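Both ligands and their constituent atoms are indexed starting at 1 by order of listing. This is a predicted model, so every value here is computed, not measured.
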Amino acid sequence: MPELVFFSGTMDCGKSTLALQIEHNRSARGLTGIIFTRDDRAGEGKLSSRLGLVTDAVEVEDGQDLYAYLVDHLSQGGRADYVIADEAQFLAPEQIDQLARVVDDLDLDVYAFGITTDFRSKLFPGSQRLVELADRVEVLQVEALCWCGARATHNARTVGGEMVVEGAQVVVGDVNQADDIGYEVLCRRHHRRRMTAGTARAAALSPDVLPVPPAGARF
Ligand SMILES: Nc1ncnc2c1ncn2[C@@H]1O[C@H](COP(=O)(O)OP(=O)(O)O)[C@@H](O)[C@H]1O
Ligand SMILES: Cc1cn([C@H]2C[C@H](O)[C@@H](COP(=O)(O)O)O2)c(=O)[nH]c1=O
């Protein structure tokens, strides 16, 4: 049975790498995929991973009907054995419904990849719809880590290393960009406390901080 699978995780946990691996393994066996993406850091019509791999993709536009795109493609003699959708958090809920219809009515597997929540820990509308509709939600095995060593479960937006909680939901960017607007993955505890690697380092160096934490203290 074809499936709609949502591979979700924080930023920088290997989602795009897995998307490229799925594409590679299937195309190596003669299958043809349609790859959708939106607002990849590498530019329009690209699906890229931090490991340096990149492939061409269909850049999804506002209001584009993804089911109609597949039907047009197939009816013009094009081939599609499966569908990959990266940066799926940026898709509109209606576009996720269209991907579910691709599974049900065109009998194609759809593999969607995206972050679940934004920098305020709020669901992206596209990710919410994926959680609602997916046959399976898969959490990636390679865990991204918070600066404290715990599993990172949240995405923080940073300005000069300081976490911010106000702003537009969508701002394309990357991790490890300390000066400008950037992102950092954190565990829930440190996301709640707005404690990034930068602020933790500054606090550790501050003369106001005791050299030995009190018994039972958890930073
Ligand atoms: N220099 C490196 N050496 C080995 N692995 C790396 C390197 N840089 C990045 N990675 C791996 O790539 C992952 C990020 O992959 P990517 O597919 O770009 O993430 P996502 O799409 O989830 O944001 C990191 O979690 C890390 O495992
Ligand atoms: C948390 C958060 C992220 N984004 C953007 C930043 C990146 O361009 C993508 C995530 O890409 P990745 O391949 O998973 O690293 O999403 C955003 O626009 N808003 C946010 O709150």
* Asked: Is the NZ or CZ atom of Arg101 both under 6.0 Å from the centre of the six-membered ring of Tyr67 and within 45° of that ring's axis?
  -> yes

* Check ligand 2 against Arg157 and write out every atom of the ligand that is under 4.0 Å from a heavy-atom position of the residue. => 19 (N), 20 (C), 21 (O)

* Inspect the surroundings of NE2 in His24 and state if more than 12 heavy atoms from other residues, nucleotides or ligands are less than 6.0 Å away. => no

* Asked: Going by the order shown, which atoms of ligand 2 are within less than 4.0 Å of some heavy atom of Gln89?
  -> 9 (C), 10 (C), 16 (O)

* Write out the residue and atom name of the closest protein heavy atom to atom 1 (C) of ligand 2, then the distance separating them to 0.1 Å. => Asn155 CB, 3.4 Å

* Structure fact -> re atom 13 (O) of ligand 2, the protein heavy-atom contact at minimum distance is Glu87 OE2, 3.1 Å

* Under a 4.5 Å cut-off applied to non-hydrogen side-chain atoms, are Leu47 and Leu20 in contact? -> yes

* Structure fact -> In terms of its nearest heavy atom to atom 22 (O) of ligand 1, the top option of Glu87, Lys15, Gln21, Arg41 is Lys15

* Asked: Given side chains that start at C-beta, do those of Trp147 and Glu184 come closer than 4.5 Å, heavy atoms only?
  -> yes

* For ligand 2, does Phe124 get within less than 4.0 Å through its side chain, its backbone, both, or neither, judged by non-hydrogen atoms? -> side chain

* Would you say Ile34 and Leu108 make side-chain contact, with heavy atoms under 4.5 Å? -> no

* Asked: How close does the nearest protein non-hydrogen atom get to atom 12 (P) of ligand 2, and which residue and atom is it?
  -> Arg41 NH1, 3.6 Å

* To do: Could you tell me whether some N/O pair between Asp39 and ligand 2 is separated by less than 3.5 angstrom?
  => no

* **Min N/O separation Asp12 to ligand 1 under 3.5 Å** => yes

* Over 60° means perpendicular and under 30° means parallel, so classify the ring planes of His154 and His191, tilted if in between. => tilted

* With salt bridge (charged side-chain N to carboxylate O under 4.0 Å, His left out) as the test, would you mind laying out the steps for Asp62 and Arg38 before giving the verdict? => CA-CA 10 Å; Asp62 280 345; Arg38 186 166 180 156; 2.8 Å; yes

* Under a 4.5 Å cut-off applied to non-hydrogen side-chain atoms, are Lys46 and Asp56 in contact? -> yes

* Distance-only side-chain donor-acceptor flag, Gln98 / Glu94, under 3.5 Å -> no

* To do: Taking the side chain as every heavy atom from C-beta outward, state whether Leu18 and Gln21 have any atom pair closer than 4.5 Å.
  => yes

* Asked: Quick one: which ligand 2 atoms are inside 4.0 Å of a heavy atom on Val172?
  -> 8 (O)

* To do: Identify, for atom 15 (O) of ligand 2, the protein heavy atom at the shortest distance, and state residue, atom and that distance.
  => Arg50 NH2, 2.9 Å

* **Arg50: numbered ligand 1 atoms lying under 4.0 Å from its heavy atoms** => 16 (P), 18 (O), 19 (O), 20 (P), 23 (O)

* Report yes if Val171 has an N/O atom closer than 3.5 Å to an N/O atom of ligand 2; otherwise report no. => yes

* Minimum side-chain heavy-atom gap Val83-Leu106 below 4.5 Å -> no

* Asked: For ligand 2, is any non-hydrogen atom under 4.0 Å from Asp118's backbone (N, CA, C, O), its side chain (CB onward), both, or neither?
  -> both

* Structure fact -> Ranking His154, Glu184, Gln169, Lys15 by closest non-hydrogen atom to atom 20 (C) of ligand 2, top hit is Gln169

* To do: Flag the pair Ser127 / Ile115 as yes when at least one side-chain heavy-atom distance between them is below 4.5 Å, and no otherwise.
  => no

* Measure the acute angle between the ring planes of Phe113 and Phe7, then classify it against the limits of 30° and 60° as parallel, tilted or perpendicular. => parallel

* What atoms of ligand 2 come closer than 4.0 angstrom to any heavy atom of Val170? -> 18 (O)

* Asked: Hey, is ligand 1 close enough to Ser16 that some N/O pair sits below 3.5 Å?
  -> yes

* **More than 12 heavy atoms from other groups under 6.0 Å of CZ on Arg50** => yes

* To do: Take atom CZ of Arg194 as the centre, draw a 6.0 Å sphere, and report whether it contains more than 12 heavy atoms from other residues, nucleotides or ligands.
  => no

* To do: Determine whether the side chains of Gln89 and Glu87 contain a donor N or O and an acceptor N or O closer than 3.5 Å.
  => yes

* Starting from atom 27 (O) of ligand 1, which protein heavy atom do you reach first, and at what distance in Å? -> Val142 CG1, 4.3 Å

* Considering the heavy atoms of Met11, write down every atom of ligand 2 situated less than 4.0 Å from one of them. => 3 (C), 6 (C), 7 (C), 10 (C), 14 (O), 15 (O)

* Look at atom 8 (O) of ligand 2 and say which protein heavy atom is nearest, naming residue and atom and giving the distance to 0.1 Å. => Gly173 N, 3.1 Å

* To do: If you have a sec, work out which protein heavy atom is nearest atom 21 (O) of ligand 2 and how many Å separate them, to one decimal?
  => Phe119 N, 2.8 Å

* Short list, please: which atoms of ligand 1 are under 4.0 Å from a heavy atom of Thr17? -> 15 (O), 16 (P), 17 (O)

* For atom 16 (O) of ligand 2, grab the closest protein heavy atom and report residue, atom and distance to one decimal in Å. => Phe90 CZ, 3.3 Å

* Below 3.5 angstrom, do we get any N/O pair linking Leu51 and ligand 1? -> no

* Asked: Does an N or O anywhere in Gly14 fall below 3.5 Å from an N or O of ligand 1?
  -> yes

* Asked: Among all protein non-hydrogen atoms, which one is nearest to atom 17 (C) of ligand 2, and what is the separation to 0.1 Å?
  -> Tyr183 OH, 3.3 Å

* To do: Give the numbers and elements of all ligand 1 atoms closer than 4.0 Å to a heavy atom of Ser49.
  => 17 (O), 18 (O)

